[in-house]
Amino acid sequence: MSAPDLRSPLTLPEMGCGTWAWGNRLLWGYDPAMDGELQQVFDHCLSHGVTLFDSGDSYGTGRLNGRSEVLLGQFAQSYTGPNRDSLCLATKLAAYPWRLTAGSVVKAGAASVERLGRPIDLAQMHWSTANYAPWQEGPFLNGLMELCAQGKAQAIGLSNFGPKRLKLAHQRFQERGLAIATLQVQYSLLSTYPVTELGLKDLCDELGIRLIAYSPLALGLLTGKYSAQGPFPSGLRGLLFRRLLPKIQPLLDVLGAIATHRQKTSAQVALNWCICKGTMPIPGAKTLAQAQQNTDALGWRLDSGEIEALDRAASRSEGRMVQNNFQSR
């Protein structure tokens, strides 16, 4: 099997847009009536230089499975504004237990291509299987390479890989003359593992891999919209917020003080912190107002003293985000 040389990386923006909520009723309360505003979110982000949209073939609950990819495809097709040629549609293929061969991954990728209505710009393995079925990773990565060979994907990325598994994957790709373009992991002021604790950022820099930060606002905990007294979001997020908000108030106070001084919001400061750390945050947005807030995190930088104050407050915080069970070492 021959494959194209992927050593020329994608042109990636400072910040992307996550679309986990687009189709997810359980956690995010999605309703098809939101689609019009979601298109406004897409249009605003792309026109303001947020050119990467991150999805997954598992996004969308119940009969709405795949909805995020479908919406992205529709929005991309109808968009005629600035940065259209720089659009990067990224999707993650789930490492389901029945995807055991390269062919099954190619089949999954082809289904994503059909939903998107165009080749995948960045095809990613959604999570590492090292914690329960390490032998599954090799065939899965071979499938991603085959998607590129068939022209169904332009570049390859990974998600939830730690340094040890990333080195193994990098070696596998190197043997084929290919590169890993991106790696995304959970990263925010409330979740610095494994970026800091395991030295993942340094390794990505060494290997020429762009590090993407998902959940950079910790599911909304870092937006400044919520207090320990409530009210809280509904469902599973509400349970998490009740537990963590009392523990992270000192960090939120520092975040809020910097935001006030900067005439920004807490969310914008939290996103800018991720950018200053050399990562690409991919905050989600369900409304135009949220999209506008996210893009206002661009075009400026926190100074070293502000970053140091946030780092110190984060390290002292008694509350931490729950880590992804699939995150490997």
Problem set entry | Candidates Leu211, Leu158, Leu198 - the one meeting side chain to side chain contact (heavy atoms under 4.5 Å, CB included) with Val185 | Leu211
Exercise. Is a side-chain donor-acceptor pair under 3.5 Å present for Asp54 with Gln124?
Worked result: yes
Exercise. Cluster question for you: counting only ILVMFWY and a side-chain heavy-atom cut-off of under 4.5 Å, with indirect links fine, are Met145 and Leu100 together?
Worked result: no
Exercise. Among all residues two or more places apart in sequence or in another chain, which pass the ring pair (Phe, Tyr, Trp, His ring centres under 6.0 Å) test with Tyr132?
Worked result: Phe326
Exercise. Thinking salt bridges, do Asp57 and Arg99 make one under a 4.0 Å N-O criterion?
Worked result: yes
For this session: Check whether the side chains of Asp35 and Gln39 place a donor and an acceptor atom closer than 3.5 Å, and report yes or no.
Result: no
Seminar exercise, completed: Hits for ring pair (Phe, Tyr, Trp, His ring centres under 6.0 Å) against Trp135, two or more places apart or cross-chain, chain-then-number order -> none
Exercise. Counting only heavy atoms not in Arg301, do more than 12 sit closer than 6.0 Å to its CZ atom?
Worked result: yes
Exercise. Under 3.5 Å, is there a donor-acceptor pair linking the side chains of Asn142 and Arg172?
Worked result: yes
For this session: Identify, with sequence neighbours excluded, every residue that meets side chain to side chain donor-acceptor pair (under 3.5 Å) alongside Gln263.
Result: none
For this session: Would you check if the side chain of Ser86 reaches a backbone N or O of Thr51 as a donor-acceptor pair within less than 3.5 Å?
Result: no
For this session: Could you walk me through whether Glu69 and Ser55 pass the side-chain hydrogen bond (donor to acceptor under 3.5 Å, both in side chains) test, one step at a time?
Result: CA-CA 6 Å; Glu69 291 179 329; Ser55 185; 4.8 Å; no
Exercise. Counting only heavy atoms not in Gln323, do more than 12 fall under 6.0 Å of its CD?
Worked result: yes
Exercise. Any donor and acceptor pair, going by atom type alone, linking the side chain of Gln184 with main-chain N or O of Tyr214 inside 3.5 Å?
Worked result: no
Problem set entry | Contacts of type ring pair (Phe, Tyr, Trp, His ring centres under 6.0 Å), residue Phe53, not counting sequence neighbours | Phe42
Problem set entry | Chi angles and distances behind the side-chain hydrogen bond (donor to acceptor under 3.5 Å, both in side chains) call for Gln293, Thr265 | CA-CA 8 Å; Gln293 171 168 258; Thr265 66; 3.0 Å; yes
For this session: Test Ser215 against Gln186 for side-chain hydrogen bond (donor to acceptor under 3.5 Å, both in side chains), laying out the working first.
Result: CA-CA 6 Å; Ser215 293; Gln186 180 175 287; 4.7 Å; no
Exercise. Excluding sequence neighbours, so at least two apart, what forms side chain to side chain donor-acceptor pair (under 3.5 Å) with Trp20?
Worked result: none
Exercise. Does Leu38 share a hydrophobic cluster with Val70, counting links as ILVMFWY side-chain heavy atoms below 4.5 Å and allowing steps through other members?
Worked result: no
Exercise. Does atom CG of Asn325 have more than 12 heavy-atom neighbours, drawn from other residues, nucleotides or ligands, at distances under 6.0 Å?
Worked result: no
Problem set entry | Ser68 versus Thr19, side-chain donor and acceptor atoms under 3.5 Å | yes
Exercise. What's the verdict on side-chain hydrogen bond (donor to acceptor under 3.5 Å, both in side chains) for Glu137 and Ser128, showing C-alpha distance, side-chain angles and the deciding distance?
Worked result: CA-CA 7 Å; Glu137 281 186 5; Ser128 167; 2.4 Å; yes
Problem set entry | SB check Asp311 Lys277 (cutoff 4.0 Å) | yes
Problem set entry | Side-chain H-bond candidate by donor/acceptor type, Glu197 with Thr192, under 3.5 Å | yes
Problem set entry | Contact check, side chains of Leu116 and Leu72, non-hydrogen atoms, under 4.5 Å | yes
Problem set entry | Sequence neighbours excluded - ring pair (Phe, Tyr, Trp, His ring centres under 6.0 Å) pairs with any residue from residues 155-196 | Tyr187-Trp273
Problem set entry | Phe241 and Tyr226 aromatic centres sub-6.0 Å | yes
